[in-house]
Each structure stands twice: as C-alpha cells, then as structure tokens.
Amino acid sequence: MDATSKRKKNPEDLRSRRWFGRDDLRSFGHRSRLKQMGLAPEDYAGKPVVAVVNTWSDLNPCHSHFRQRAEEVKRGVWQAGGFPVELPALSISETYMKPSPMLYRNLLAMEVEELLRSQPIDGAVLLGGCDKTTPGLLMGAISMNLPAVYLPAGPMLRGNLNGQPLGSGSDVWKFWAERCAGNITEAEWAEMEDGIARSPGHCMTMGTASTMTAVAESLGLTLPGASSIPAVDASHQRMATECGRRAVEMVWEDLKPSDILSAESFENAITTALALGGSTNAIIHLIALAGRAGVKVELRDFDRLSRRTPVLANVRPSGEFLMEDFYYAGGLRALLSQITDLLHLDCVTVSGQTIGENIEGAKVCNAEVIRPPDEPLAAEGGTAILFGNLAPNGAVVKASAAERRLLRHKGPAVVFEDYNDMAARIDDEDLEVDEDSVLVLRNAGPLGGPGMPEWGMLPIPKKLLERGVRDMLRVSDARMSGTSYGACVLHVSPESYVGGPLAFVRDGDLIELDVEARRLHLHVSDEELARRRESWRPPGRRAGRGYVALFAEHVTQADRGCDFDFLHAGPDVPEPEIH
Ligand code: FES
C-alpha cells in the first residue's frame with residue numbers, strides 16, 4: 001500500500017485549521033501573527049503543523065546536539081509538505097536536576113500534553129533521550145493522542161581511559177570504589193574525568209536512557225533502528241530528517257499512539273527491556289506509560305516475562321560492551337530478530353508497518369555483543385520481582401548485576417534513616433557492619449525522597465572496600481541508576497515514608513532475600529511489627545506549596561508507576577475553545 005492510499009485526512013480536517021482556516025476575527029489574528037514572523041500562506045495553509053518538541057538546554061549535555069537535530073527534523077517536515085514549529089520543553093538533565101530528576105518526569109509529561117493541546121498542532125516529533133525525558137515526552141504524547149514520532153538522542157561515543165573503553169556511570173562507580181580503597185591515583189581519576197564523556201548523546205551503557213529509548217522503539221513509537229544510532233553518527237542526522245517527513249505522513253494517515261499501543265506492544269517492550277538486561281527504572285516508566293494508554297501492566301508481568309526471556313545484550317553494567325558496539329553489532333533490530341518467538345510481530349508502529357516488518361533483514365554482525373538465544377548472557381531476564389512482609393506491594397532486584405552469592409542471603413540489618421544519615425555514618429570506623437550485613441535505607445521513595453532518587457546502590461563502607469568487599473545486600477525504597485550494579489533491592493512498596501514495613505526495621509533484624517523464590521522477608525513476628533507500627537509517627541510533609549506540594553498530593557507508589565493519579569487514562573479532555 002503506498003502512502004497516499006493510507007491517507008485518511010484532507011486539509012480541511014486538520015486540527016490546526018481551527019486556528020488558521022476560518023473567516024473570523026480569531027483566525028485573522030492567528031494569520032496576521034504568522035505574517036509578523038515573515039511567514040506567508042504558502043508556508044502553512046492547508047499543511048500539517050508538526051511540533052518539534054525539543055528538550056535541549058545548556059545544562060543537558062545528553063541533548064547538546066538537539067538544536068541541530070531540530071533543524072534536521074524541520075527539513076524533513078518541509079520536504080513532506082508540512083509546517084514545522086519548534087516548541088521548547090522542560091529539559092530534564094539527569095546530571096544536574098536535584099533532588100531527583102524523577103521528581104520532574106510528570107511535570108514534563110504535563111507540559112507536553114498541554115503544549116500540544118493548547119496550540120495549533122496536528123502532529124509531533126519528540127526529541128529526548130536523557131533518562132526521564134523519554135517517558136516524560138511519551139506519557140504526554142500518549143495522553144494527547146496526536147500522531148507523534150519519537151527521535152531518541154542516541155548514545156554518546158565510548159568513553160576512553162588510556163585506550164580502555166569506559167562506560168557512563170558503571171565505570172564511575174567502579175573506579176570510585178577503587179579510589180576509596182586506595183587502589184588508583186588522583187592523576188588516574190583526573191584522566192578518567194577527561195575521558196568518560198566524549199560527545200553529545202545519552203549514557204552509552206545499558207542504563208535507563210538506552211533502555212527507555214529501546215522501549216520506545218519496541219513499543220512502536222520510533223522509526224526502525226532509531227534507538228541504537230550513536231548521537232554523532234551521520235545516520236542520526238538522516239534519521240532526524242526522516243522523522244520529520246514521517247510525522248507529516250502520520251498526520252494524513254491519522255496514525256495516533258492509541259492505534260499503536262496495546263497489551264501486546266507493552267509485552268514487546270517489557271520483553272525487549274529484559275533481553276537487553278535493561279534498567280530497573282524501565283519498570284516504573286512502563287507501568288506509567290501503560291497507565292496513560294489505558295493498558296493494564298503490573299509488576300507481576302515483568303516477573304512472568306522475565307522467566308522466559310534470555311539476556312542477549314552483552315552491554316555494561318550486566319555485560320562487557322557499550323552502546324557504540326551494540327550499534328555496530330546490528331543494534332536493536334538485530335537483537336529483536338533473535339527473539340521473534342517472544343514478540344507479537346503484528347503490532348503496528350509509527351513507520352506504518354508492523355514491528356515484524358521493521359526487523360525484516362536485520363542481522364547480528366557480532367555475536368559477542370548480541371548473543372544468540374542458545375548462548376545468552378543469562379538464561380532468564382536479569383530482573384526479579386520480589387514480594388514478602390517487607391514489600392507487600394512488591395520490590396525489584398536486578399539479579400544479573402549482583403554477585404551470585406547474594407541472590408540467596410540472610411543477614412542483620414544496618415539501618416539508615418535517610419540519605420543524610422547514611423552519608424554521615426557509612427564510613428564511620430565504629431559502624432557495626434560486615435560483608436553479611438544488609439544495608440537498609442529508608443525515606444528515599446516517591447514521597448520520602450521526594451522524587452524517589454537513585455540512592456538504591458548504597459555505597460559499600462570504606463573499611464569493607466579496603467578488605468576487598470565489592471557487593472553487599474542493600475534494601476531501600478529508592479531507585480537505582482540503570483548504570484549501577486550490585487545486590488540492591490529497590491522500589492520497596494509501599495515506601496517507608498507512608499508507613500510501609502521498611503519504616504519498622506531496626507538494626508540487627510534479620511532480612512532474607514531469596515531471588516529464586518522471589519521473596520524478601522523480615523524475620524520479625526507480625527505481632528512485633530504491629531507494635532512497632534503503633535509507635536511509628538509519619539515524617540512531616542516537606543513542601544507546603546508549589547510543584548513539590550502537588551507532587552506529594554498526587555504521586556502514586558512505585559508499583560503503580562509514580563504517575564499522578566489525575567493523569568491516568570480517563571475521559572477525554574475537551575479540545576480548547578477558540579474564541
Ligand atoms: Fe543523560 Fe545519563 S546523564 S542519560
């Protein structure tokens with residue numbers, strides 16, 4: 001079927017026509033103001049208006065190429081007969097936004113939805129990539145439900161230290177532990193600072209950014225292969241222009257997120273994240289995305305799919321290589337071609353073709369980087385969902401990134417009340433802790449953080465680092481960076497701040513993790529826990545006004561995706577009146 005035969009809309013059906021196409025006072029104003037910007041009817045009349053939603057900022061190094069990419073997207077929109085308009089949106093920089101970029105994911109989602117709704121927009125190309133920008137942009141676009149295509153920022157080049165590849169995050173944590181243990185010099189540490197981030201683009205390990213852009217592709221929301229292209233590769237520029245062209249066609253075809261997203265496409269995305277050995281953050285974001293699309297996705301879905309999905313991407317932190325290697329090995333299309341038996345191949349994508357058609361002809365060029373299913377990195381997905389009296393609504397552990405001895409472990413708790421308490425005492429020589437202890441951090445969840453910061457990879461106490469300990473069991477209601485590793489039980493729900501059982505753990509209580517049994521258990525009787533609950537007092541609310549107060553009022557717990565309760569799928573919001 002050619003492009004014109006898929007066409008469902010004519011110029012008079014365009015949403016933007018309500019702003020520009022009428023013979024009334026308001027349309028006069030809208031047209032005259034376009035003329036003020038030097039634009040004539042030949043530029044826009046009867047053409048799809050495509051928003052280029054750009055999360056560029058001077059404080060977002062992962063998106064530093066987006067000014068140029070926006071121009072390349074616009075070129076594609078013009079080529080296809082559309083009218084591009086660039087709309088700046090909140091640039092959530094994982095590096096710089098405090099206390100946690102996650103606090104602002106929902107703000108970006110709200111902004112995108114309302115940017116698209118309130119203005120004369122027919123379709124959109126969304127530019128993102130740094131961790132929270134992918135879910136934030138997609139959540140907003142799903143809720144607004146206009147034709148939209150996602151352009152991932154692409155990973156940065158491999159890091160380099162004296163010819164050795166360095167991975168974002170993962171190698172920083174690793175070298176920092178060695179520095180604390182006195183094993184590397186200040187000069188080596190300084191060289192690492194020079195070589196760890198060498199180009200525009202998002203983190204080039206299989207962190208949250210690489211996982212979520214792959215999730216976007218496997219959901220069907222990017223063009224084929226878009227998520228794997230390094231940010232500075234010329235293919236990335238061509239992909240940007242193709243996104244612009246395709247967005248115009250999608251407007252004429254009226255191909256919207258609601259035509260693409262389904263229970264099956266979400267299963268594809270979960271399976272993809274698992275086969276990549278991807279970030280635990282994808283669990284929260286996928287539940288939130290599904291909530292926007294009106295699809296039911298629960299923690300148990302991840303566990304069910306994890307048990308049947310092999311980890312094939314040999315990329316750090318679970319594996320050895322980096323995203324640049326993954327691209328040269330064939331990228332996501334090649335990986336998906338290895339697991340076609342686990343995918344719903346007939347799911348439609350923004351390309352107008354099915355995901356099965358999108359990966360036709362894809363091949364693996366390096367079987368070390370993208371392993372065959374009969375030689376996986378791990379036979380099961382690296383992520384396990386845990387339940388037990390310490391996490392009645394669930395918790396998460398990335399087993400593939402932990403030392404195997406800790407996957408079944410029982411040890412005494414060493415409890416930290418919050419991050420500041422942990423930072424003050426973790427390296428104290430007098431802290432009673434050994435390699436069998438279980439480090440517990442509370443007040444780090446959606447409300448406790450606030451914003452569920454990535455504090456879940458608690459540092460190993462210095463005195464244990466010096467003795468050669470590199471992993472310990474850690475339990476918290478925090479998240480962890482997708483580039484992190486270790487036996488870290490995360491996302492404990494409900495969180496301690498709202499009186500989840502984590503709030504009642506005391507130093508010396510025995511905590512047991514059994515990944516095989518999917519169990520997280522606090523060896524304290526129900527009666528004693530009830531007594532502790534009686535005497536517990538909730539911490540005070542921290543923000544009396546502003547966005548953080550709105551966040552505290554409406555954010556859901558980790559097992560429900562940390563979206564705002566009023567933003568879940570529901571009745572349509574009416575189109576704006578134009579008076
Ligand atoms: Fe942007 Fe890691 S800092 S993706």
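Atoms within a ligand are numbered from 1 in the order they appear, just like the ligands themselves.
- Atom numbering of ligand 1 starts at 1 in the shown order; those under 4.0 Å from a heavy atom of A209 are 4 (S).
- T205 and R316 are not linked by any side-chain donor-acceptor pair at a separation below 3.5 angstrom, with hydrogens and angles left out of the test.
- Checking C130 against atom 1 (Fe) of ligand 1, an N/O/S atom falls under the 2.8 Å cut-off.
- For residue C62, an N/O/S atom approaches atom 1 (Fe) of ligand 1 to within less than 2.8 Å.
- Atoms of ligand 1 found under 4.0 Å from any heavy atom of E94, numbered from 1 in the order shown, are 3 (S).
- When each of T280, N281, T208 is paired with R479, the side chain to side chain donor-acceptor pair (under 3.5 Å) condition holds for N281 and for no other.
- Atoms of ligand 1 lying under 4.0 Å from any heavy atom of T95, numbered from 1 in the order shown and given with element: 3 (S).
- For atom 2 (Fe) of ligand 1, the nearest protein heavy atom (residue, atom name, distance) is C203 SG, 2.1 Å.
- Side-chain N or O atoms of S100 include one that pairs as donor or acceptor with a backbone N or O of G451 at under 3.5 Å.
- The line from CG of L87 to CG of L127 is 11.0 Å long, rounded to the nearest 0.5 Å.
- Between the side chain of H65 and the backbone N or O of A153, at least one donor-acceptor pair lies under 3.5 Å.
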